[in-house]
Amino acid sequence: MKKLIAQLREKSEFIEMNIFRSVHNVNLKTIIGYHRDGQKYSFLDDYDEHQWTSNQGDVPG
């Protein structure tokens, strides 16, 4: 990963800031899993409670 970032830095001096900013404004419905306050969460936790159709414009979670 460090080598990849070093290669990307050659193309853009702002690569670290771009990576850092990429974690902001994330839609948690698109995240497969995450940790919060020592608890693990998964999109599977409430997957069965929802009915999904292809034209809903939203993803499961």
Inset, instruction - Just jot down the ring pair (Phe, Tyr, Trp, His ring centres under 6.0 Å) partners of His24, sequence neighbours excluded, or say none. - result: Phe20
Inset, instruction - Could you note down all residue pairs passing salt bridge (charged side-chain N to carboxylate O under 4.0 Å, His left out) where residues 33-42 supplies at least one of them, sequence neighbours left out? - result: none
Inset, instruction - With sequence neighbours excluded, give me every salt bridge (charged side-chain N to carboxylate O under 4.0 Å, His left out) pair touching residues 14-25. - result: Arg9-Glu16
Legend entry - Hydrophobic cluster partners of Leu4 (side-chain heavy atoms under 4.5 Å): Met1, Ile5, Leu8, Ile15, Ile19
Inset, instruction - If you link ILVMFWY side chains whenever their heavy atoms are less than 4.5 Å apart, which other residues fall into the same cluster as Phe14? By chain and number, please. - result: none
Inset, instruction - Work out which heavy atom in Asn27 is nearest to a heavy atom in Thr30; give both atom names and the distance. - result: O-OG1, 2.6 Å
Inset, instruction - Check whether Val23 and Ile32 end up in the same hydrophobic cluster, where Ile, Leu, Val, Met, Phe, Trp and Tyr are linked by side-chain heavy atoms less than 4.5 Å apart. - result: no
